[in-house]
Amino acid sequence: MTEISISVPGEEAKTVEAGISAQEALKELLSKKQRKQAIAALCNGERTDLSAPLQTDTVIEPILASSDEGMHILRHSSAHIMAQAVKELFGQDVKVAIGPAIEDGYYYDFDRDTAFTPDDFAAIEERMAEIVKARLPFERRTLPMTEAITFFSEQGEEYKVELLKDLEQKGENSVSLYQQGDFIDLCRGPHIPDTSWLKSFKLLRVAGSYWRGDEHKPMLTRIYGTAFFDKKDLKKYLNRLEEAKKRDHRKLGKQLGLFTIQDEVGPGLILWQPRGSLLRKLIEDYWKDAHYKHGYDLLYTPHIARQDLWKTSGHLDFYGENMYSAMEIDEVAYQLKPMNCPFHIGVYNATKHSYREFPVRWCELGTVYRYERTGALHGLMRVRGFTQDDAHIFCRPDQLEEEIFNIIDLNLQVLKTFGFAEYDVYLSTRPEKYVGSDEHWELSTKALQQAMDKKGLAYAVDPGEGVFYGPKIDIKIKDQLGRSWQCSTIQVDFNLPERFGMTYTGQDGAEHQPIMIHRALMGSLERFIGVLIEHYAGAFPLWMAPEQARILNITDTQVDYCVQVHAELRKAGVRVEQDLRNEKLNYKIREAQMMKTPYMLIIGDREMEEGTVTVRKRNGENLPPMTLQEFADLVSQECEQGTA
RNA sequence: GCCGAUAUAGCUCAGUUUGGUAGAGCGGCUGAUUCGUAAUCAGUAGGUCACCGGUUCAAGUCCGGUUAUCGGCUCCA
């Protein structure tokens with residue numbers, strides 16, 4: 001018998017016989033309490049089943065059920081169990097494709113003549129429960145590639161065969177299979193030791209999806225599910241889904257009277273209702289103010305331009321599919337703009353420029369139109385006409401880093417004002433196909449990196465994911481429910497200055513080409529407002545609340561006083577409305593509450609006599625009666641804090 | 001665009017299985033009530049049942065098509 005040494009990181013090694021399982025090894029090294037939570041193991045850095053035999057010296061770490069990795073394994077195993085249940089119930093009708101774990105759950109894709117419906121869930125879940133109860137072990141085995149192909153071919157599992165052939169091409173000559181009960185699946189693993197580990201699970205929805213995400217390949221039927229070690233966690237998760245549903249901006253948008261989308265107008269086109277329009281105006285005002293303070297000048301440009309412009313810019317070539325077809329005006333073709341950049345360049349090229357005036361910073365809330373496929377449209381999040389909070393900066397190469405720094409600075413400030421303090425940042429570098437010199441790419445990629453370092457911004461690199469015209473930084477914000485949204489983007493562009501022959505006179509008296517930076521902070525106002533609605537669940541901070549306060553009288557006696565209060569507060573700059581209907585106070589409070597009004601001003605005889613208002617906050621808290629001036633000051637102070 | 005589901009009053013939904021020309025609650029309007037921190041009572045007006053076509057003596061209901069929406073895929077601000 002050979003002997004091997006095993007250890008957990010940082011602890012003393014033990015000598016054991018070779019061939020013991022990872023589980024037994026953990027038993028040697030850890031207390032019972034510690035290893036009870038182990039669902040799999042990390043052996044010399046590799047994820048392994050607990051049943052895996054150890055043949056060489058091994059540093060072993062338990063993968064705990066409570067860890068992200070543990071959850072991932074559980075859900076992956078749950079996908080296998082679901083597939084087993086489906087195969088057992090629907091047998092030969094079904095071919096299996098792939099079934100990975102994803103964030104918050106897992107899915108499995110099946111090929112079946114008739115798609116699954118949620119009506120099938122009960123039966124599948126029931127069968128899954130039986131499989132769990134049967135405590136079937138997950139057994140791993142490795143098979144030579146040719147045998148594996150033969151095996152799955154015989155089963156008629158053509159998708160597995162296709163996967164195997166791809167692996168074979170990549171030079172793999174053996175694969176691992178996992179079996180629980182009679183169900184055998186191609187899988188890298190690891191898995192839970194046996195099916196009984198799956199304590200709580202739920203199937204969530206069905207959807208179609210292309211085989212390998214390719215729209216030219218067959219459409220499969222996908223079942224999404226989720227799994228947890230604990231019933232309580234499942235319940236928490238389902239509650240979170242409920243919460244997300246309650247915050248759905250389409251629902252809140254209707255309830256709060258913010259926007260509407262109508263068939264008569266067209267899909268993906270937003271009609272802003274008065275409250276939504278005011279909300280948007282407040283956001284736009286803040287944005288313009290912040291930009292002015294950061295050295296930007298404001299531009300306005302048209303919605304259409306000659307088709308030739310889009311030829312020059314290259315949009316017709318590389319973005320034409322997303323553009324609406326041309327309209328003819330005086331026998332000349334014009335097209336709706338999908339982007340604002342060519343117009344800003346037009347402004348630039350209207351005059352001669354010197355290196356002395358750089359950097360030039362121009363911003364615009366520019367409304368663009370892009371063709372989106374019908375299936376992609378979604379409330380405010382994905383529309384066909386939207387307003388970018390666009391800006392273009394033109395500068396010299398030596399100013400690039402500082403400009404990027406300034407943009408990031410403004411960017412983070414704006415995000416913070418809107419209540420987003422958490423984000424993931426990505427740097428996308430040069431792709432395979434690109435324009436511009438290597439030197440330029442290197443210079444600007446470095447400038448992006450150094451600016452982020454200087455700002456102390458942590459980021460991940462997406463190698464080769466840059467746009468063909470330059471490297472970029474993307475910022476994905478995290479909302480109240482922890483979901484991320486891509487909004488901000490900062491892109492260097494070597495392409496358009498070239499195409500439009502942009503120049504400036506340098507210190508040397510010669511003509512040079514400026515560097516161009518595109519950037520958007522909110523991305524699209526429509527989408528950003530959608531995110532804001534869900535982030536705040538419709539209860540906007542005071543500074544952007546379309547209705548900051550609502551006057552509620554108790555009886556008709558106070559009507560005249562209320563009208564006076566209303567007028568005075570409006571004069572003092574408070575966005576105040578009044579509800580003077582002959583209804584009970586409770587009724588009016590309920591309504592104001594459902595509209596998420598930040599402050600309710602309650603006026604009865606007492607207030608009328610004393611010339612005050614009683615303030616009820618939307619969290620139910622009451623403030624002592626105060627004068628109109630005191631309330632107006634409170635509002636303006638809170639607003640200032642909100643946008644500081 | 002693709003797969004699946006859905007479409008009834010301003011809103012939320014019942015009625016569709018078993019065809020016999022529409023119903024509730026909220027909201028609106030009218031009246032009564034004058035009320036202190038999340039829905040006062042009564043009366044009343046709202047619908048070519050998304051649209052087009054077919055089957056039938058008869059279609060909200062069955063069949064086909066179109067449009068839009070929803071869950072995904074793909075794409076993306």
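The structure presented is a predicted model; accordingly, all values stated were derived computationally and were not measured.
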Exercise. Can you list, by residue number, the residues of residues 596-616 of chain A that have a non-hydrogen atom closer than 4.0 angstrom to RNA chain B?
Worked result: A:Ile602, A:Gly604, A:Asp605, A:Arg606, A:Glu607, A:Thr614, A:Arg616
Seminar exercise, completed: Rounded to the nearest 0.5 Å, the OG atom of A:Ser484 sits from the OH atom of A:Tyr423 at a distance of 14.0 Å
Exercise. Who passes salt bridge (charged side-chain N to carboxylate O under 4.0 Å, His left out) against A:Arg575, sequence neighbours left out?
Worked result: none
Seminar exercise, completed: Glycosidic torsion of B:rG25 (syn if within 90° of 0, anti otherwise) classifies it as anti
For this session: For A:Ala227, enumerate each residue passing the side chain to side chain contact (heavy atoms under 4.5 Å, CB included) test, keeping only those at least two apart in sequence or located in another chain.
Result: A:Leu74, A:Arg75, A:Ser78, A:Tyr106, A:Leu198, A:Phe201
Exercise. What string of B, S and - do you get for nucleotides 39-51 of chain B 5' to 3' if you count protein non-hydrogen atoms under 4.0 Å?
Worked result: BB-----------
Seminar exercise, completed: Quick tally for nucleotides 2-7 of chain B: nucleotides whose base has a protein heavy atom under 4.0 Å get B, sugar-phosphate-only ones S, the rest -, giving BBS---
Exercise. Which residues, if any, of residues 525-542 of chain A bring a heavy atom under 4.0 Å of RNA chain B?
Worked result: A:Arg527
Seminar exercise, completed: side-chain hydrogen bond (donor to acceptor under 3.5 Å, both in side chains) filter on A:Glu465, not counting sequence neighbours, yields none
Exercise. Is there any side chain to side chain donor-acceptor pair (under 3.5 Å) pair reaching into residues 110-119 of chain A, and which pairs are they, with sequence neighbours excluded?
Worked result: A:Asp111-A:Tyr159
Exercise. A:Tyr371: what forms a side chain to side chain contact (heavy atoms under 4.5 Å, CB included) with it, not counting sequence neighbours?
Worked result: A:Tyr324, A:Arg373, A:Arg384
Problem set entry | Sugar-phosphate only, base, or nothing, as touched by A:Asp214 at under 4.0 Å among non-hydrogen atoms | nothing
For this session: Sequence neighbours left out, what passes ring-ring contact (aromatic ring centres under 6.0 Å, His included) with A:Phe318? Give chain and number order.
Result: A:His315, A:Phe468
Exercise. At under 4.0 Å between heavy atoms, what does A:Lys588 touch on the DNA or RNA strands: base, sugar-phosphate, or nothing?
Worked result: nothing
Exercise. With sequence neighbours excluded, what pairs up with A:Arg240 under the salt bridge (charged side-chain N to carboxylate O under 4.0 Å, His left out) test?
Worked result: A:Asp104
Seminar exercise, completed: The correct set of residues in residues 261-287 of chain A placing a heavy atom under 4.0 Å from RNA chain B is A:Asp263, A:Pro267
